[in-house]
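Just so it is clear, the model here is predicted, and its values are computed rather than measured.
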Amino acid sequence: MSTYRTISSSSTSQYRVLGSRHLGYAYPVREEAEIKEHIDALWKEHHNATHVCYAWRLGWDYSKYRINDDGEPSGTAGKPIFGQIQSAELTNILIAVVRYYGGTKLGTGGLIDAYKTSAKLCIEAATIEVRPVQDRYRLSFGYADMPSIMKVLKDLDMEKNAMTTEAECTIDFILSMTRSEELQKAMADWPTAKLVHLGRT
């Protein structure tokens, strides 16, 4: 898996049924801390809402996810929201649905449909991107190797995060997973350099 699907920016939706309002919010996210911030902000904005239900998935490998019914009957809110995330094959995304109760109970089927529809409308309103899976590296090397190293990294389309240039230089950078093998081969030209893999994103 060298790519993953996500949304490029936030989107919203509105769905009304039997007097209940369902306000959908989709956010691109990378960390759980961001998710908490978004949920806290929604409760602050919609402090009179009945529920704020949500689902999210994180990771280039689609490995982390969570659903939350926020007091709705089990399986009627977070699960249908997550089902839409799965159907669209998305990751690094949070979808939350704010519900204002309208006085008429929707029943299990009605709730499932309302949350599912709200999430689906959010996704339809968003711009979906296919992004490359990327590796994060730290490379330490002598100053004399800098010209050749920087040329190779530039040719590999690396994205520089940070760099120090002293007698011993260090560069933190991001590289497409598909170019990582080329980087490993290039390391043979720099026997004193040290490459550390910091993770994949």
Side-chain angles (χ1 to χ4, degrees), residues 1-11 25-39 54-68 78-79 81-96 119-120 122-166 168-201:
M1 184 186 295
S2 60
T3 61
Y4 63 90
R5 287 164 53 88
T6 189
I7 59 173
S8 60
S9 59
S10 302
S11 64
Y25 297 84
Y27 304 97
V29 290
R30 285 186 175 272
E31 300 176 352
E32 290 187 47
E34 294 178 73
I35 292 169
K36 184 180 185 305
E37 289 176 2
H38 285 305
I39 297 301
Y54 60 89
W56 55 260
R57 181 155 64 179
L58 296 176
W60 63 271
D61 55 355
Y62 299 72
S63 59
K64 294 178 66 176
Y65 70 91
R66 185 169 297 170
I67 63 176
N68 190 308
K79 188 174 180 179
I81 295 171
F82 186 65
Q84 293 305 296
I85 293 175
Q86 288 179 302
S87 294
E89 300 179 333
L90 298 172
T91 189
N92 289 353
I93 183 174
L94 160 68
I95 297 181
K120 182 180 180 181
C122 265
I123 292 172
E124 289 176 350
T127 299
I128 294 175
E129 288 186 342
V130 178
R131 295 182 181 173
V133 178
Q134 296 176 311
D135 286 310
R136 293 184 294 112
Y137 290 103
R138 174 168 295 151
L139 181 61
S140 302
F141 54 93
Y143 189 81
D145 288 325
M146 182 181 290
S148 62
I149 284 177
M150 294 309 294
K151 181 182 185 305
V152 169
L153 294 183
K154 184 178 179 181
D155 290 343
L156 293 175
D157 297 323
M158 70 89 179
E159 177 185 332
K160 183 171 67 176
N161 280 345
M163 186 172 184
T164 60
T165 54
E166 299 175 357
E168 178 75 10
C169 303
T170 301
I171 181 171
D172 289 358
F173 62 95
I174 297 173
L175 194 68
S176 171
M177 185 181 74
T178 59
R179 309 300 297 272
S180 294
E181 186 175 340
E182 296 174 66
L183 174 64
Q184 295 293 340
K185 289 180 179 178
M187 288 297 298
D189 295 331
W190 314 310
T192 61
K194 181 181 179 182
L195 182 68
V196 178
H197 186 249
L198 301 177
R200 184 163 282 171
T201 183

Indicate yes or no: at least one non-hydrogen side-chain atom of [X] is less than 4.5 angstrom from one of [Y].
{"X": "K64", "Y": "W56", "value": "yes"}
{"X": "I123", "Y": "I128", "value": "yes"}
{"X": "L183", "Y": "D135", "value": "no"}
{"X": "S140", "Y": "C169", "value": "no"}
{"X": "R179", "Y": "M158", "value": "no"}

task = Answer yes or no: are there more than 12 heavy-atom neighbours, outside Y62 itself, under 6.0 Å from its atom OH?
result =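 Yes, enclosed.
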
inquiry  = Atom CZ of residue position R66 - does it have more than 12 heavy atoms of other residues, nucleotides or ligands inside 6.0 Å?
reply    =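 Not more than 12 within 6.0 Å, no.
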
query = Do side-chain atoms of T6 reach the backbone of N92 as a donor and acceptor pair under 3.5 angstrom?
reply =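 The answer is yes, because a donor-acceptor pair under 3.5 Å joins these two groups.
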
Least distance between heavy atoms, [X] atom then [Y] atom:
{"X": "I67", "Y": "G78", "result": "CG2-O, 3.6 Å"}
{"X": "R57", "Y": "Q86", "result": "NH2-CA, 3.7 Å"}
{"X": "G59", "Y": "T91", "result": "O-OG1, 2.8 Å"}
{"X": "S180", "Y": "Y137", "result": "OG-OH, 3.2 Å"}

Output the distance between atom [atom1] ([X]) and atom [atom2] ([Y]), rounded to the nearest 0.5 Å.
{"X": "N161", "Y": "L198", "atom1": "CG", "atom2": "CG", "result": "9.5 Å"}
{"X": "I171", "Y": "R138", "atom1": "CD1", "atom2": "CZ", "result": "11.5 Å"}
{"X": "Y143", "Y": "E168", "atom1": "OH", "atom2": "CD", "result": "13.5 Å"}
{"X": "E124", "Y": "Q84", "atom1": "CD", "atom2": "CD", "result": "8.5 Å"}

ask   = For L94, which of V29, I7, I81 qualifies under side-chain contact (heavy atoms from CB on, under 4.5 Å)?
value =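 Among V29, I7, I81, the one that satisfies the side-chain contact (heavy atoms from CB on, under 4.5 Å) with L94 is V29.
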
Could you tell me which residues satisfy side chain to side chain contact (heavy atoms under 4.5 Å, CB included) with [X], sequence neighbours excluded, listed by chain and number?
{"X": "T201", "result": "R30, Q134, R136"}
{"X": "A125", "result": "S11"}
{"X": "K36", "result": "D40"}

message = Taking salt bridge (Lys or Arg N to Asp or Glu O under 4.0 Å) as the cut-off, I'd like each qualifying pair that reaches into residues 139-151, sequence neighbours left out, listed once.
response =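 Sorted pair list: K151-D155.
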
request  = Please list, chain by chain and in numerical order, all residues satisfying salt bridge (charged side-chain N to carboxylate O under 4.0 Å, His left out) with E129, sequence neighbours excluded.
outcome  =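 By the salt bridge (charged side-chain N to carboxylate O under 4.0 Å, His left out) rule, E129 matches R131.
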
query = Can you name the residues that form a side chain to side chain donor-acceptor pair (under 3.5 Å) with D61, not counting sequence neighbours?
reply =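 Only S63 meet the side chain to side chain donor-acceptor pair (under 3.5 Å) criterion with D61.
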
task = Please report the C-alpha distance between L195 and W190 in whole Å, then the side-chain angles of each, then the deciding distance to 0.1 Å, and finally whether the side-chain contact (heavy atoms from CB on, under 4.5 Å) criterion is met.
result = CA-CA 10 Å; L195 182 68; W190 314 310; over 6 Å; no

query = side-chain contact (heavy atoms from CB on, under 4.5 Å) between M187 and L139: does it pass, once the steps are laid out?
reply = CA-CA 10 Å; M187 288 297 298; L139 181 61; 3.8 Å; yes

task = Kindly determine whether H38 and Y25 satisfy side-chain contact (heavy atoms from CB on, under 4.5 Å), including the steps that lead there.
result = CA-CA 9 Å; H38 285 305; Y25 297 84; over 6 Å; no

ask   = Going through the distances and angles, do L175 and E182 end up as a side-chain contact (heavy atoms from CB on, under 4.5 Å)?
value = CA-CA 11 Å; L175 194 68; E182 296 174 66; over 6 Å; no

